[in-house]
Every structure is written in C-alpha cells, then in structure tokens.
Amino acid sequence: MWKKIVKAARPVAWNLKKQQQQQRCCFSSGIQGPCIVQKSGIDIIHDPWFNKDTAFPLTERDRLGLRGLLPPHIQSFEEQYDRFMESYRSLEKNTCHESERVVSLAKWRILNRLHDRNETLYYRVLIDNIKEFAPIIYTPTVGLVCQNYCGLFRRPRGMYFSAADRGEMMSMIYNWPAKQVDMIVLTDGSRILGLGDLGVQGIGIPIGKLDMYIAAAGMNPQRILPVMLDVGTNNQELLDDPLYLGLRQPRLDGEEYLAVVDEFMEAVYARWPKAIVQFEDFQMKWAFETLRRYRERFCMFNDDIQGTAGVALAGLLGATRAQGRPLSDFAKQKIVIAGAGSAGIGVLNVAKKAFLKMVESYGMANTNQIWLLDKDGLVTTDRKNIAPAAAPFARGCGPEEIEGLREGSSLVEVVEKVRPHVLLGLSGVGGIFNEEVLKAMQKSDSTRPAIFAMSNPTTKAECTATDAFKYVGENAVFASGSPFDNVDLGNGKVGHVNQANNMYLFPGIGLGALLSGARHITDGMLQAASERLASYMTDEEVQGGILYPSISSIRHITTEVGAAVLRAAVAEELAEGHGDVGPKELMHMSEEETVKYVAHNMWFPVYGPLVHKK
Ligand SMILES: NC(=O)C1=CN([C@@H]2O[C@H](COP(=O)(O)OP(=O)(O)OC[C@H]3O[C@@H](n4cnc5c(N)ncnc54)[C@H](O)[C@@H]3O)[C@@H](O)[C@H]2O)C=CC1
Ligand SMILES: CC(=O)C(=O)O
Ligand SMILES: [Mg+2]
C-alpha cells in the first residue's frame, strides 16, 4: 500500500479550463435536463438558486412571467461574469490604501452579495478563481467574518437549531425548502478555527466549508445545508453584546448537550436518510464524543479529527520523500507536535497507525518517535489529569527518554534535545514557533527540516513562511493551514509554501461517501483518501518542497480522492449505490471508470433551461 504511493503519479495533467469547456458543451448540448421551478415572476428573480438576472432569454421571460421585470437588454453569462470581475477589480483598486481587514471584509461582502443574488454566477466565479477567492470565503477571511457576523448579518443562510428548539426539531427540519439534502456541515460554534467560542457567529464556517464542497467536489448547491447548533456560548463578550444574535445563555453541557445533538441527528436522518453530516469546529471533548457516538449509526465524520489527520499524514509522508528517503523511513521520522486538541490527537492517531504498519511491513524496530506538547509543555506520564485521548502519546519518564526532558519541558527545549525531522503545530496559538524554536530546527537531524504551521486563521499560524525559511534555512519544507505567498530566497530561489489544510480531503470524503451510498464512513475509506492525496505529487515535485497540489487543481484532486473513497467503500462491501447506479455497477467499475463516474456526477454552474411546474 505505502509502496504504491511512490510509484503512483498523476494520471494526466489536469486542465481545468479544458474540463470546464467540455462541461459547458455537455450542458449546452442538453445532456443536463431542465430545472423544474415551482415559482414564477418576481419570486424567481428573488431566488438565488434560479435567478439569472439579466441573462433570462426572451422565451423564458415569457414562459415564467418575467417580461417587464428586467431591463430589456439580454446579457450573456460571459458578460455578467466579466461585469462582476470588473467590479471586483475596481473594489480592489479603490481599497488599496485601506487596512487588510477592511479590504478582506469588503471582498467578502461583494462575493456574499452575489451569493445571495445569483448562485450560478457566484459558483462559476468561485470555481474559475478558486485560488484568489478561497482565502476570502474560507480561511483566513471567514474567521474575521465569524468574529463580525452579527454586524455583517443581512439575511440568513442555512438553518439554526437551538437549545430552545428541543422537542421541535423533527418538524423544524421540514422548514428547509429543498426536497433532498446530500451534505450537511454542522457546528456548535465552540472552537471556530483558532478563535475560540464564537457561539452562533460560527455559522460562517459551515457556509465556507460547503462553498468548498461546491467548488471542489461539485456538490449541488440546492442539496447542501449549513447548520448552526446553538447551545449557548461561554464567550462573555458575546453574551454582553447587544447585537449578539445567538442564545444568551451559557453552553449546555453533559447529557443536556448530547440530548440536543441527538435530537438534531435523528431529525436529519428521519427526513434525509442518505445525507452525510460533517462535524466541524467542535471543542475537543465533544468532537471525540460525538464521533464515537454517531460514526457507526450515521454517515458522518469529524473533519477536524479525521480530515486534518489524512491531510497531515500525506504531508508527513511527503516530508520523508522530500529528503530523498524511502517511504519506509517514515517510521524513523522524529515528530514534535504542539497541540494536543482534536486536530493534533487526530493526526497522531493516524500517524501512529501508519508507523506501526510500516514497522510491521518492513520488520523495523518499533521506537516511539513522537513528542507531544500542549499549553503546559511536554506531555509525559507524570501529567496530572491527562485527557484520555492524549494519554497514549505521553512520553515516559524513565532512563530510555532523552536526558533533560521532563514533564512540561518547553517547546524550545524539546526541539533542541530531540532535533526532530518535523515540527508540527495545531495549537491555535500564533507565533509559538518563534525565532529561538526555528533556529533550533536548523539542527534537525533531517536534511529537509519540515515545519507545519497548521493553525488557522493566519494570525494563529505558529510561524510565518518568511520566518520559517529565514531561521530554519533554504532547505526547509514549509506548510501552513492558511495561505502564505511563496518566499523569495534571493538568487532566483523560491521557498515553496504548501497549504496543509483539510480542504484537500473533506470534499472528496463527502463526495465519495455520497456516491458510494455507504451507511457510514470507515477508517478504510479515510485512509484511501489520505493515500490518494499522498500519491498525487510526483517525486520531482516533492523533492522541490511541493507536498500538496495547488488549490487551482482542487476539482481534480477531489475527483481522485472521491473515487478512492468510493472504491474503498466498494472493497469493504459497504457501497449501496447512489441514484440509478447500484452496488453491482459500482463493483464492476475499473479504477479509471470510477474516476470518470465521480467526475461525471459533479455539478457545474451553467444556466440550464427553467421549466415552471406547480
Ligand atoms: N490546517 C488544518 O487543516 C486544520 C487546522 N486546525 C487548527 O488547529 C488549531 C487547533 O485546533 P483543535 O485541535 O481543534 O483545538 P483544541 O482547542 O482542541 O486544541 C488546541 C491544543 O493546543 C494546545 N496549546 C495551546 N497553547 C499551546 C502552546 N503554547 N504550545 C503547545 N500547545 C498549545 C492546547 O493545550 C490544546 O491541546 C486551530 O487553530 C485550528 O484552526 C484544525 C483543523 C484543521
Ligand atoms: C481548517 C479547519 O478545519 C480548521 O482550522 O478548523
Ligand atoms: Mg475545522
């Protein structure tokens, strides 16, 4: 399995433009059926799912009762697209002297207004310009949006279930207008990126994640649902804020909390038995507990624990390859990880599994190569009240341990003594990989010391890309959770910045699970996703410090990941099929056919003909 990673290369160079053109032809030649709309007249123009603004053709204006409700000139989709991009560019020009915060929020607002008005055009500009727009609709700007959500709020998006709705959720779920929902992203707002408890304001995260589902996985925007489960907040500033839009009460805890989540999950699966629920940005204790509670019962996963783990593992394997070492050497890599939360522990769980598999496959010595730190420093068996999830990774305190390291040792002490190959941050604390720590990484036992500053948003990154290359050296391999620009190292050299973000996996996990029709998401399906991501990069790219694909090719990588997940579900005999494609057909698809099948099922934004039906 691991050997396959080095051998496998990308099947064909991805040409997004070409695929878009093909899809355009495909839709315009009528392969996609017409869209049934139950509304007519002004109600269609006010519905972003169906609205085409000035692009409604005359025949449709007549058929749908729109004549006279729009200016007479009919614009093409391309003209509308160019018009939007022009206004976006002039906004950029006009705000060039403003602070980054003001510019980012202005960009988010202009995109959000389009989202509210015309989803087809919105998703098209998003897909075509994903590299430029992802940092606005996703991390880092989405963090700023959540922090300012109550001031920015104009109209609701998604659904809000609150502790006050207990007993009502089974009927409330029918308030959602779509007949079918495929993908739900759910948060309780308790740990939004590295920004802490943002209560109801955390709804921005499910919205941003689902935008990525549509852009990357081609999920149909009419079949997605962002959800906020508002069980109160422990953020006093929000409770005191007269503009706060959430429940003004402390967070529910214990059985009361679980009763609300249980009721929501039961309501969802009563109405949409085949939906997939992604848990996002839950505080650690509930992240692990809800995953344990629901993963066998429902088709769900926790992105922060499981999606992040797969992406990090792919990066860790890449960091081994970047040194020109065989993959089996992964088991010899010394890893220091700062952050023992849901993301950090999720990463360690899969890294440990991969270590053990390699140790077994290659008959290597099984040594403990992981050093875990949290806010109180190095985690050892001497730690009082250690979280159960962190306990398996606590270092011993015996003579076999590195001299001078003890319970609570600081990050710099650990890095100096361990000389790790990889330093990985999932702490949610900006700047903890400071000059001293990064300089200590210069003495790493690796020829290509790897720094993964994975915390989000940018202000919470453990270090910047510039500092990583400046203090660790040109040979460093660098990845961050939020995007940074590549670094000019002088002499024509460039320090490549990777984005180690779960966005490379969660869309494919959701899409693969959906198309397989599996009733739950197994470790095997998640492992297949991670392996496909790891094998995506060529040796040449990895040795040049490029561990992850460019976000511009996210539709392609998601297609491949989705196909890998689907095939794993088939192999585990869990696939029940989707739509007209049953389990037998899925079973008989070759690898290549599976990839084509997944690609074919991805939604692409074009204006299809609208047909009115009561
Ligand atoms: N790049 C990506 O794809 C992802 C990034 N993240 C980011 O990871 C961060 C953490 O997320 P969770 O694990 O869910 O949060 P969490 O709150 O569950 O855990 C944070 C952990 O960091 C530790 N910590 C705090 N200060 C520290 C310090 N000075 N040194 C070492 N450890 C310290 C805490 O003790 C805790 O164990 C967030 O910023 C989040 O945005 C999370 C998921 C995916
Ligand atoms: C990326 C992500 O899921 C997080 O920072 O929580
Ligand atoms: Mg998250």
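The structure displayed is predicted, hence computed values, not measured ones. Order of appearance sets the numbers: ligands from 1, and atoms from 1 within every ligand.
- Judged by the shortest distance from any of its heavy atoms, T139 lies outside the 4.0 Å radius around the atoms of ligand 2.
- The shortest contact between atom 20 (C) of ligand 1 and any protein heavy atom is with S427 O, 3.7 Å.
- Nearest N, O or S atom of D281 to the Mg ion (ligand 3): atom OD1.
- Considering backbone and side-chain N/O of N456, one or more are found under 3.5 Å from N/O of ligand 2.
- Closest to atom 43 (C) of ligand 1 by heavy atom, among D303, L378, T308, is T308.
- In this comparison of A312, G341, G143, the heavy atom closest to atom 18 (O) of ligand 1 sits on G341.
- Any N or O atom pair closer than 3.5 Å counts here, and A500 shares at least one such pair with ligand 1.
- Set against the non-hydrogen atoms of K209, the atoms of ligand 2 under 4.0 Å away are 1 (C), 2 (C), 3 (O).
- The aromatic rings of H115 and Y122 lie parallel to each other, their planes meeting at an angle below 30°, with 60° marking the opposite boundary.
- When only non-hydrogen protein atoms are considered, atom 37 (O) of ligand 1 lies nearest to A340 N, 2.9 Å.
- When non-hydrogen atoms are compared, ligand 2 lies under 4.0 Å from the side chain of R191 (C-beta onward) but not from its backbone.
- The closest non-hydrogen atom to atom 27 (C) of ligand 1, taken over K285, K375, M503, comes from K375.
- At least one test fails for K209 against the ring of Y138: distance under 6.0 Å to the centre or angle within 45° of the axis.
- Residue contacts with ligand 2 for D281 involve side-chain atoms from C-beta outward but no N, CA, C or O (heavy atoms, distance under 4.0 Å).
- Only side-chain heavy atoms of I432 come within less than 4.0 Å of ligand 1; its backbone N, CA, C and O stay farther off.
- Taking distance alone, with nitrogen or oxygen atoms compared against 3.5 Å, A338 stays at or beyond that limit from ligand 1.
- With a 4.0 Å cut-off on non-hydrogen atoms, N501 touches ligand 2 through its side chain and not its backbone.
- Taking the N/O/S atoms of E280 in turn, the shortest distance to the Mg ion (ligand 3) belongs to OE2.
- For the pair F282 and ligand 2, no heavy-atom separation below 4.0 Å is found.
- Residues T466 and T464 bring no donor and acceptor atom of their side chains to less than 3.5 Å of each other.
- Counting heavy atoms only, R191 comes closest to atom 42 (C) of ligand 1 of the residues Q283, R191, E280, Q499.
- The N, O or S atom of D304 lying closest to the Mg ion (ligand 3) is OD1.
- For N456, heavy-atom contacts with ligand 1 shorter than 4.0 Å involve the backbone as well as the side chain.
- Residue contacts with ligand 1: D304 is included, with a non-hydrogen atom under 4.0 Å away.
- Considering only non-hydrogen atoms, atom 41 (O) of ligand 1 lies nearest to L193 out of V347, L193, N501.
- The proximity of F506 to ligand 2, defined as any non-hydrogen pair under 4.0 Å, does not occur for either the backbone or the side chain.
- No part of K460 comes within 4.0 Å of ligand 1, judged by heavy-atom distances.
- Residue M503 places every heavy atom at 4.0 Å or more from ligand 2.
- In terms of protein heavy-atom proximity, atom 14 (O) of ligand 1 is nearest to S342 OG, 2.6 Å.
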